[in-house]
Amino acid sequence: MNDDCNDGDDDADDDDDDDDDDDDDNCSLESNYLNVNMSLSSKQKATVKDFFSKMSTRSDDIGAEALSRLVAVYPQTKSYFSHWKDASPGSAPVRKHGITIMGGVYDAVGKIDDLKGGLLSLSELHAFMLRVDPVNFKLLAHCMLVCMSMIFPEEFTPQVHVAVDKFLAQLALALAEKYR
Amino acid sequence: MVEWTEFERDTIKDIFSKIDYDVVGPAALTRCLVVYPWTRRYFGNFGALYNAEAIMGNEMVANHGKKVLHGLDRAVKNMDHIKESYCELSQLHSDQFHVDPDNFRLLADCLAIAIATQWGSAFTPDIQAAFQKFLSVVVFSLGSQYH
């Protein structure tokens, strides 16, 4: 069945003929079977790149704010930062590290066509050294989405939301690739 | 029983006194149906839900979004007995609507994002934390009577 193409895209606006073939590929029976990790359509990849480009002037703020919110809303995440003097929301080490993480996310946008390959060494870092429980990637992703919607309420439409959410989920999967 | 600080109690009352139910309710449910398309399974009789545009223009979705948001009012008014307040609604969602309770969590996340788009930086980390704690109690309560 090809009817499960409900990727939230605004299909009515699909004027770009070049997108059609890629969308068909993603919705074919074979790819539904193989791509059980809900991969991004080419239109969604373009949406992600476009939105991240719009966001770039505020990316540091979003990164810093997102990590602050992670430790505020999910205090158990502070357990990963016991080596810092101050792991409270808004503290200098939290903000600085949030910016670092956001830099990694932007790097991943550039590797959106092969996240697993492109993030191999980062995955090894998280698997063997940092050993962050992957459930926390989801929590941080949610905080990033909150920050994006705060700072870009007009641009962060439901269509952009679903594309970015999928991208962050794919990113999390790639990061956890080497865990076991 | 859940313990609430004075800040958390004030924050919850403040949020619900300030938000526009007619905007936030529909926005949250719309996002849920677009971002997590499997949630559409519960709304077979809502007409056109086949893409984001259809969902965003769907009046039944909008009305239901308002209804769902008002469903939180009882928790706001009764913060010390949230689980009891949702006994009946939990049974209803389990036995009549057959909703997977994980969906309540998804909708709660969309609600946080909907308010963030409205409030911007006024939606501070502390306020977000209080709001999400409140929602997690409601989510837990709504799932409590499943069997």
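Lettering follows sequence order; numbering is per chain, from 1. Computed over heavy atoms, backbone and side chain alike; hydrogens, waters and symmetry mates excluded.
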Fill in the blank from the handout: Bottom line for B/Tyr36: the part with an atom under 4.5 Å from chain A's heavy atoms is side chain
Problem - B/Gln132 versus chain A, the contacting section by heavy-atom distance below 4.5 Å - result: side chain
Exercise for the section: State, to 0.1 Å, how close B/Tyr86 and B/Leu72 come at their nearest heavy-atom pair, and which atoms those are. Expected result: OH-CA, 3.4 Å
Practice task
With the side chain counted from C-beta on, respond yes when B/His64 and B/Lys67 share a heavy-atom pair under 4.5 Å apart, and no when they do not.
Solution key: yes
Problem - Part of A/Glu65 within contact of chain B (heavy atom distance under 4.5 Å) - result: side chain
Completion exercise
Turns out that what part of A/Phe152 lies under 4.5 Å from chain B's heavy atoms comes down to neither
Problem - Distance-minimising heavy-atom pair for A/Arg69 and B/Phe123 - result: NH2-O, 2.7 Å
Problem - For chain A, the option from B/Thr124, B/Val35, B/Ile115 that forms the most heavy-atom pairs under 4.5 Å - result: B/Val35
Handout entry: Cationic N near anionic O, under 4.0 Å, B/Lys18 to B/Asp14
Key = yes
Practice task
Nearest 0.5 Å please: distance from the CG atom of A/Leu175 over to the NE2 atom of A/His126.
Solution key: 5.0 Å
Problem - Greatest number of heavy atom pairs closer than 4.5 Å to chain A - which of B/Ile55, B/Thr117, B/Leu33 - result: B/Thr117
